[in-house]
Amino acid sequence: MLTKAPRGTKDILPAEVPQWRFFEEKAREACRLFGYSEIRIPMFEHTELFLRGVGEVTDIVAKEMYTFTDKGGRSLTLRPEGTASVARAYLEHKMQGEAQPVKVFYTGPMFRYDRPQAGRYRQFHQFGVEAFGSQEPALDAEVVMLALFFLQSLGLDKLTLHLNSVGCPECRSRYRESLRAALRGKVKELCPDCGERYEKNPLRILDCKNERCQAVTKEAPLLADELCNGCREHFAAVRAALDALGVAYVLNPRLVRGLDYYTKTAFEIMAPGLGAQSSICGGGRYDHLVATIGGPDIPGIGFAIGIERVLLALAAAGSGGAEAAAPDVFVATAGVTPAEALPYVMELRKAGLAAEMDFLNRSLKAQLKLADKKGIRYVVLLGEAELQAGQATVKDMQSGMQEAVSLGGLCAYLAERLKEEN
Ligand code: HAM
């Protein structure tokens with residue numbers, strides 16, 4: 001127990017961090033180009049926010065939340081997603097008073113008590129964006145473009161965009177009735193989960209992965225055919241905007257998404273090589289979320305990308321990815337104690353050089369081997385006699401060349417050599 005992280009969580013080890021930073025830097029860059037500013041939201045919220053925002057009958061809320069009571073008796077929940085929190089922050093900080101649309105992005109861990117498997121974790125990380133205050137279909141297209149632009153900037157190209165409209169509360173409630181009517185005699189043939197969904201949330205039956213359920217719904221009516229005029233026009237405008245941008249997409253009338261707040265545009269982006277967890281991005285419009293959590297009726301749209309899944313997709317695509325930069329200098333000693341060497345190492349660091357030294361009293365040979373293993377280009381050799389003479393020897397590990405340098409000029413010498421290298 002003590003030597004194992006909780007099921008569904010993962011350490012991100014130093015060797016993996018450069019890949020994460022690569023992801024984060026590209027995400028920041030894409031958001032800068034598209035005009036999305038960073039927001040940092042709390043890791044937990046009042047449970048009620050997710051009950052109302054995400055919806056009580058969703059799997060996320062009904063089965064997957066990490067909910068606890070704090071010492072003050074409040075019911076709190078580790079955030080299973082970011083959209084409800086950002087909508088709460090938008091309202092709390094009266095962002096409706098700012099120039100609309102308000103466009104923000106976030107990255108960080110989310111928590112869902114789901115059955116762990118490859119690409120599915122209990123603590124996972126998302127990069128998400130949200131834009132509030134505009135119904136404009138071109139904004140839907142911009143949000144989709146941001147997701148694609150970013151994923152392509154990472155080097156992912158074999159992406160598939162699935163697109164649908166899930167309508168508004170009016171056309172959806174009419175459709176829910178026609179779907180129930182079509183499935184009425186067949187409820188027994190559905191999987192147990194869909195049996196429950198029939199009453200509570202029949203739309204989710206459409207995207208059940210169970211083959212029996214798929215067979216039962218094969219002939220069922222589709223929401224795309226029953227959209228009201230407003231939703232149909234909006235969806236046509238979103239598609240026209242994407243067509244004008246030359247974006248390929250699959251119209252997927254079964255795409256309903258697992259969160260209740262969606263209205264109109266819904267989309268997912270799939271990447272190859274991920275098995276069952278091929279969805280790396282999910283998003284859509286949520287024109288009544290802000291109202292649902294107690295604010296005015298302000299529209300919004302956004303998406304979230306699963307960072308672990310994207311990194312898996314990059315690995316599957318054979319992208320070796322980023323590596324950590326090696327330190328600049330290793331200070332090796334002979335006849336000089338680590339405590340005596342440390343002030344010189346500090347001088348190098350203060351001059352902006354990443355400098356390392358030995359703390360295990362290794363032989364000089366072992367120190368050189370260590371420096372080589374770490375990929376360090378320059379070694380500063382500090383010997384007892386040299387120190388007394390105010391000198392050090394700098395060894396270029398690549399060429400093997402050695403040069404005596406005065407201690408006073410060491411930082412400038414190394415800085416110059418490193419500059420030449422870059
Ligand atoms: P979601 O589809 O639940 O949407 O999650 C978005 C992405 O997070 C998924 O496509 C997947 O890549 C990743 N993800 C979800 N669950 C897990 C898990 N258990 N393990 C690993 N990765 C996972 C949302 O969360 C919405 N808030 C997206 C959104 C933002 N819609 C509008 N704005």
Side-chain angles (χ1 to χ4, degrees), residues 7-10 12 23 27 36 39 41 45 49-50 53-55 58-61 63-66 78-90 101-132 139-140 142-144 146-147 150-151 154 156 159-162 164 166 204 207 255-271 273-290 292 299-314:
R7 192 163 137 77
T9 70
K10 250 165 54 78
I12 301 159
F23 180 106
Y36 287 71
I39 186 167
I41 43 177
E45 297 275 355
L49 176 69
F50 301 117
V54 176
T58 61
D59 284 352
I60 294 179
V61 169
K63 301 179 188 164
E64 298 173 4
M65 295 212 300
Y66 280 93
L78 296 183
R79 60 185 191 195
E81 60 107 48
T83 312
S85 299
V86 177
R88 194 264 311 134
Y90 176 91
V102 168
K103 306 201 293 189
V104 294
F105 78 93
Y106 50 90
T107 58
M110 306 290 162
F111 307 86
R112 294 184 194 175
Y113 188 81
D114 202 347
R115 201 164 42 78
Q117 53 177 260
R120 191 160 75 197
Y121 312 101
R122 289 181 175 170
Q123 176 178 318
F124 60 98
H125 297 73
Q126 282 184 346
F127 153 48
V129 314
E130 314 293 349
F132 294 90
L139 181 62
D140 303 43
E142 173 180 91
V143 166
V144 171
L146 172 50
F150 161 68
L151 292 167
L154 294 176
L156 287 175
L159 302 169
T160 316
L161 168 64
H162 284 232
N164 192 21
V166 294
R204 285 308 308 271
D207 75 347
L255 177 71
V256 291
R257 311 271 303 125
L259 302 98
D260 267 2
Y261 48 62
Y262 289 112
T263 53
K264 298 183 176 160
T265 311
F267 66 97
E268 283 189 13
I269 299 173
M270 321 291 179
L274 296 178
Q277 311 305 320
S278 63
S279 173
I280 56 174
C281 171
R285 243 183 201 284
Y286 41 83
D287 285 349
H288 308 299
L289 172 60
V290 174
T292 307
I301 174 160
F303 67 73
I305 290 178
I307 303 185
E308 286 86 350
R309 283 189 197 173
V310 166
L311 298 185
L312 286 170
L314 280 171

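Order of appearance sets the numbers: ligands from 1, and atoms from 1 within every ligand.
- A ring-centre distance under 6.0 Å is found for Phe23 and Phe150.
- Residues lining ligand 1 at a heavy-atom distance below 4.0 Å are given as Glu81, Thr83, Arg112, Gly119, Arg120, Tyr121, Phe124, Gln126, Glu130, Arg257, Leu259, Tyr261, Tyr262, Ser279, Ile280, Cys281, Gly282, Gly283, Gly284, Tyr286, Gly302, Phe303, Ala304, Gly306, Arg309, ordered by chain and residue number.
- With sequence neighbours excluded, no residue satisfies ring-ring contact (aromatic ring centres under 6.0 Å, His included) with Tyr106.
- Using modelled atom types and a 3.5 Å distance limit, the side chains of Tyr121 and Gln277 yield no donor-acceptor pair.
- Thr265 and Asp140 share a side-chain donor-acceptor pair at under 3.5 Å.
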Without placing hydrogens or testing angles, list every side-chain donor-acceptor pair under 3.5 Å for residues 122-129, not counting sequence neighbours.
from, atom 1, to, atom 2, distance (Å)
Arg122, NE, Asp114, O, 2.9
Arg122, NH2, Asp114, O, 3.4
His125, ND1, Glu308, OE2, 2.8

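- Under the rule for a ring-ring contact (aromatic ring centres under 6.0 Å, His included), the partners of Phe132 that lie at least two apart in sequence or sit in another chain are Tyr90, Tyr286.
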